[in-house]
Every structure is written in structure tokens, then in C-alpha cells.
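Here is the structure we will look at, set down as C-alpha cells.
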Protein chains: 2
Amino acid sequence: MSKRHNTTLKELALALNLSISTVSRALNDHPDINEKTKENVKKLARQMNYSPNLFARSFRSQKTNIIGVIVPNISHYFTSTILKGILEEAEIQGYRVIISESNNSEAKQTEMLNTMTQFGVDGILMSLARKTSKVDDVLRTLSRAPIVLFDKVSQKIPCTQVVINEEEAAFNAVEHLIELGKERIAIIKETENSYNSEKRYAGYLRALEHHGIRIREKIILSTEDISLIHGRRLTNILLSMKKRPDAIFAITDDAAIGAIKALNKFKIKIPEEIAVVGFSNSASSKIIQPELTTVDQPGDKIGRTAVKYLIDEIDSPSNNIVTKTVEIKTTLVVRDSSLRA
Amino acid sequence: MSKRHNTTLKELALALNLSISTVSRALNDHPDINEKTKENVKKLARQMNYSPNLFARSFRSQKTNIIGVIVPNISHYFTSTILKGILEEAEIQGYRVIISESNNSEAKQTEMLNTMTQFGVDGILMSLARKTSKVDDVLRTLSRAPIVLFDKVSQKIPCTQVVINEEEAAFNAVEHLIELGKERIAIIKETENSYNSEKRYAGYLRALEHHGIRIREKIILSTEDISLIHGRRLTNILLSMKKRPDAIFAITDDAAIGAIKALNKFKIKIPEEIAVVGFSNSASSKIIQPELTTVDQPGDKIGRTAVKYLIDEIDSPSNNIVTKTVEIKTTLVVRDSSLRA
DNA sequence: AACGTTACCGCAAACGTTTGCGTGTCATAT
DNA sequence: ATATGACACGCAAACGTTTGCGGTAACGTT
């Protein structure tokens, strides 16, 4: 078995005593070709294990059937579920996927964008690096290939954006706490004005207002890095207050778990004294004791719909590109950290 | 700005009044070309924002600079850290990465293999689907492109395999328990004879023997699906025994966490009554209470070395392919679940 | 003056595929 | 008999790049 040889159209043509073009058309079911001939060609193609040289093909057709994906961090659980969805849907639609990480670096991100367009991907799926400010890089590539944003998006970029119903999800989460009888509900959010944080905060405010609960600035806490450590840190601050909150809504599972760890340390009863709700339904939310109530974000669905919209763009490029937001529904998963006793 | 136009060598040649070949050579620093000419060409190339059509290039050179990666499940944390390493190293070496999931289905796996070779990847990185029996599919593709296996490997496939020092890692983990004074150490492993499970079990046995501890068949438990649920289930079985073990070595963090959950439920003191050690240093191992002692597997390093070996194969294909195992060192991360009081 | 060498550069082929256009054959209609 | 059309197929160009080979001019050597 020779190490490296693919049968070509030429070889098939030679063997069948036909022209290359006829063989090509036969394999592509072109109406000009006789049925009998098609059969013969296809049969021999199978026998000789023919498969078209995809590079020659995309070289000619200027279509690669590859979509590029750029995410901040592939190891983030939620991200990886989105990737799962992307891979599945892309395969169904006959596309291959090349993935790269921006590591939350804007420079890396634009570098990846350039690499991808240079490579000739048909379209790009992207979740923005934190603090993406210079969107002009993105805009430039937008003129060369369609882009669909997901999760970490920016309204400054005129393209379709697939996100979850952040505001509503947060509203539901907070409302759930209110229905539990809580009325002094703290929130742990990001200082940076990220799309996600903003929306969730808005949902928090709307829920309080809707239920006529006073908004207390003191228990609205922000942190640069919304992680377990800072969740714990901010919770300790909350615990040091004269009047403690009776619930904590953390904008992120990590922060929520940090909160629980802090509460556990002081043997504060969850949810009786302080209830906790997170956001993401990460794997860890089922590990922590008590298990965490959280918002489930259907990552695979996000990935799939993002792919669908992108391929739509690829197939029929709309010259009037415009910001279009697609929202995926989330559901609140109620667990022990906010369960009615 | 036109939606889709890349400057070509021809355009550069036309503008410079040179031949296409000269322009090509100038850009590739061919010695035949005058320095001054090179400068001019490169300058204009920058100005006109030239970038070579990679498809034309790989179409001609029969080299794609793409490596394909097949993993069972991209959302598995350990896997994603390996992918991280793969992406980093590949980028450094100027390769692009296309990723696909086998979902632990052997059929899907061979399908992906075919797609990849058809696509013309320069090499394949792969972690085998569970219960991969018909390795002849893999062998067939092995004749078309180099393969390097990692994590889930099989000695039946003659290629280089990048794994961790499974046996030694398990030995160290169990020895750690022994040094803690434990001597009735249970193990939770897989029923299936996977490479990983076998090796870890061997390390367990060797540690016991080395310290003159009797091997008790009763506390050697196996399960088909080594998950949290079954870790909990098997731990309940251990707890129902007349003479309980004083430590549990779970071959997987998930199972170990299941064990801890079971122990917590019965308020059994960890590690005083029963210590627990897991395997993987997953994110969850720091979430569970008490935090889990576990074996840290440096995923990124595994990914990087796998890429290095693969590119070696690509650059200088060895016709005498042979099984070669590369072991990456692990370290034991000691946490509360096995801390000396 | 004849020749060899060197430095630069262009011609043209090749990679495998798709596709517009042309061509031949045959049957049917006029 | 000629015109018309349908049918089936081949020719050749094109996509952008790389590269072996050949060519030309200039210069140095004998």
C-alpha cells in the first residue's frame, strides 16, 4: 500500500476511456451525462477508492467549507458545550471546523482573525475576548468573511449575535429568590461593562422593582475578575455588614461557589439564612455542597444556531449587514442552595 | 472595500513589471533574486496587502499544514486542557488544527478518520473512543498519514503514544495513603480493560505489595461507567461491609467525588475514618468539600509533546513505524481528603 | 578574442478540479 | 432532403502557486 497516493479524475478517465470532464460531471450528477455512464464511473470510483482532492476543489471554487471558531478559552466548561454544538451542526452541514483560542487577549484575537481570513475560511464564529475595544479589526475582517458572534458579543459589531436571554434569565433567578421570601438580595457582578454582566444586572434590578423591593446600593458588589476567589472575598464583605443580606445572586457559578464556600466556613445555613443562586449550570454546581441553584444555558443549542445563521450568511450574503440579536431560552435549575425548607 | 478580493502574484508582477516566478521567489527569499528587487517586491506586497492563497499553495505542495484532532468528548475537562496544549504548540509551529468528536462511538471515529485523510491533513492526533476494537480502520489511515495517540491509547496501533506515567502515578497515590497509616485501601476502577485503568490498577497492586500489605479482593471494585454516580454506589457497598476500608483510591476524580458524597451523607470523617484520593485534578476536585487529593495530569504538556512528535513524523516520515510510548510525569496534589490531621 | 562564470530573471509546466463552449450523432419534424 | 433539437461527450481554460530549466547580460580569465 503506497504511502501517499489518491486516485484522481485523470486516472479514472484513463481507465474508462472517457474525458476528465465527463468523469467529473458524472460524479456530480450533471444532467448532461448518460445514466449508464454515470453508473460505470461511480462504480469504478468506488473500486479505485476515489475521493476528490478537496484542496484542488476549494482552490478552484474559492469555497473552503471550513468555518473558523475563536473563543477566549477552550477549557471553560460552558464554552466547550457550545463548541460541541458547533461541531455537531457543522458536520451535519458538511463543514469542517478549525478552532483557536484568543486567551482573552485582544492582540491574539486580531491575529487569529487575520490567520483565518488568510486561510480562506468561509465564515467565522467568535466569542469576544474580554475588553475588546478596538472593534475596527473585527470590522475589517467582516468585509472579507461573514461573522457570527456568540456568548461574549458586542453591539458595536454589525452582525448576527447569538446569546441567551440574559436579562430575563436573571429576572427569573431573582424572582425565584423573592418568591422564596427573600427581600435583601445581594448581587455579585462584574465591574467591567460586559454585555453579559450588564444584562444580568438589568434583570436583577427589574425583578426587584417589579416586586416593589427597595434597591440597596450597599449590597450591589462588583469585581474585576468574577471568579471563585473573588466570590468568596465579596461574600466575606457581605457577612461583615451589620445587616446581612438574606440571599446572594452571583452572576457566575464560580462566584456563587465562592460565596457558598465562604458561607460554609462560617456555618451559615443555606438557604435558610442566606440563599445562593448562580449562573451557568456548570459541572461544579452539582458538586458543591449544598448543590447550587443556577441558570442552565443550553450551550449546544447556542452553538448549533450560531452555525445555522453563519451558514445562511455564507450561502446568501446580505450586503446590508446589520446587528441582529438571537436569544436562546434558558431555564432555572433549582437545587438545594435555594430550596424551600 | 470589495467584499472578496485577494491580491495575487500576478497582480504584483504586473504592477512591478516582473514575472510571476520572480515575484514568488522574491517573497520566498530565493537566493537567485537581487536584494533590491526583493525589497521592492516585499514593499509592494505589503502595500497591496498580499497574502498567499493557502489553498493554491497546499494544492500544489500537497502539504496542508493542518493537523486533525479526534477526541471522544471535547467537554471533558482534562481533554480540553490537552486541546489547549495542542492549539498552542500547533500555532507556534505554524499548523492549524481541525477538531472533531467521536462521542465515544467507534463508527463515528472511523468516519472522522476518513474525512480527515480525505481532507488531506498532514497528520492526526487522536484519543481513542472507548472500546475501540477494530483497529484495522486506524491502521488503514495510518498508511496515509502519521498518527500520534494520546491519553486513550492502544498498543495494538504501531505509532507513538503520549501518555502519563499511569502506573507510577497510581503507585505514588496509594503509597501516600499508606504513609498516612492506611492499610485497608479500596480501589474503584473500570471493569473494561482500558489502558489507563489497567495501568493504575497495576500501580495500586505494586504499592501494596511493596509495602507488604495484603491484597483484599473484596475491596477491589469495578464498574462499567466510572462516574460520580457509580463512585457513590460502590462506596455505599464499601460502607455496608462488616469491616470497612480506611481509604479509597478512585481511578477517576468523578468517582472519587461520588465517594466523598456518599461518605458525607453518612457523616464519615474524611480523612480520619476514610481517606479519599482521586485522579485527574479536575476543576471539581477543588470544589468538593473536603477538597480532593488527586493526581495532577499536565494536559497542556501532553498536548504539546503529542504535537511535537507528530510534526517530527510529518517532517521526516519513518517507514519503519513502531509502537513508542512517551510518558509525561504527573504529580500528586495533596488536599484535605487525605491530609494528616 | 574566446570562453567560463556568475547573477538575475522569465518561460512554462504542473498540481486536480470545474465549467463554458463546441462538436458530433441521432431522431424527429418540416 | 433539410432543418431542428435533444442528447452525450470532449476541449481547453481557469483558479494561484511553485520550480526545473533555460536564457541573457555582464564580467572576469586565459
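Every chain is numbered from 1, with letters handed out A, B, ... down the list of sequences.
Atom NZ of A:K10 is surrounded by 12 or fewer heavy atoms from other residues, nucleotides or ligands within 6.0 Å. Few gaps surround NZ on B:K42; more than 12 heavy atoms of other groups in view lie less than 6.0 Å from it. The environment of OH in A:Y309 is sparse: at most 12 heavy-atom neighbours from other residues, nucleotides or ligands sit within 6.0 Å.
Rounding to whole angstrom units, NZ of residue B:K38 and P of C:dA7 are separated by 12 Å. Protein atom NZ of B:K63 is 16 Å distant from nucleotide atom C1' of C:dC15, rounded to whole Å. Atom CD1 in B:I33 sits about 13 Å away from atom P in C:dA7, given to the nearest Å. As rounded to whole Å, 8 Å separates atom P of C:dG10 from atom CG of B:N17. Between the CD atom of A:Q62 and the P atom of C:dT17 there is a distance of 17 Å, given to the nearest Å. Protein atom CG of B:L14 is 12 Å distant from nucleotide atom P of C:dG10, rounded to whole Å. Rounded to whole Å, atom P of D:dC7 lies 12 Å from atom CD of A:E35. Across the protein-nucleic acid pair, B:L12 atom CG and C:dG10 atom P stand 13 Å apart, rounded to whole Å.
Between B:T8 and A:P31, the residue anchored nearer the 5' end of DNA chain D, judged by the nucleotide with its closest heavy atom, is A:P31. Between B:T37 and B:F59, the one whose closest nucleotide on DNA chain C sits nearer the 5' end is B:T37.
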Exercise for review: Would you give a per-nucleotide map of nucleotides 18-25 of chain D, 5' to 3', where B means the base has a protein non-hydrogen atom under 4.0 Å away, S means only the sugar-phosphate does, and - means neither?
Suggested key: BBB-----
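For B:L18, the side-chain atoms get nearest to C:dC9 when compared with the rest of D:dC15, D:dG10, C:dC9. Among the nucleotides D:dC11, D:dC15, D:dT17, the one closest to any side-chain atom of B:A56 is D:dT17.
Without hydrogens or angle criteria, B:Q161 side chain to B:I157 main chain gives a donor-acceptor distance under 3.5 Å.
Ring centroid separation for the pair A:F59 and B:F59 comes in under the 6.0 Å cut-off.
From B:L27, atom CG reaches atom CG of B:L9 across 6.5 Å, with rounding to the nearest 0.5 Å. Note that OG1 of B:T79 is 10.0 Å distant from CD1 of B:I302, once rounded to the nearest 0.5 Å.
Contact annotation: B:N34 side-chain N/O to C:dC8 OP1/OP2 distance is under 4.0 Å.
Within 4.0 Å of A:S58, counting heavy atoms only, lies no atom of the nucleic acid at all.
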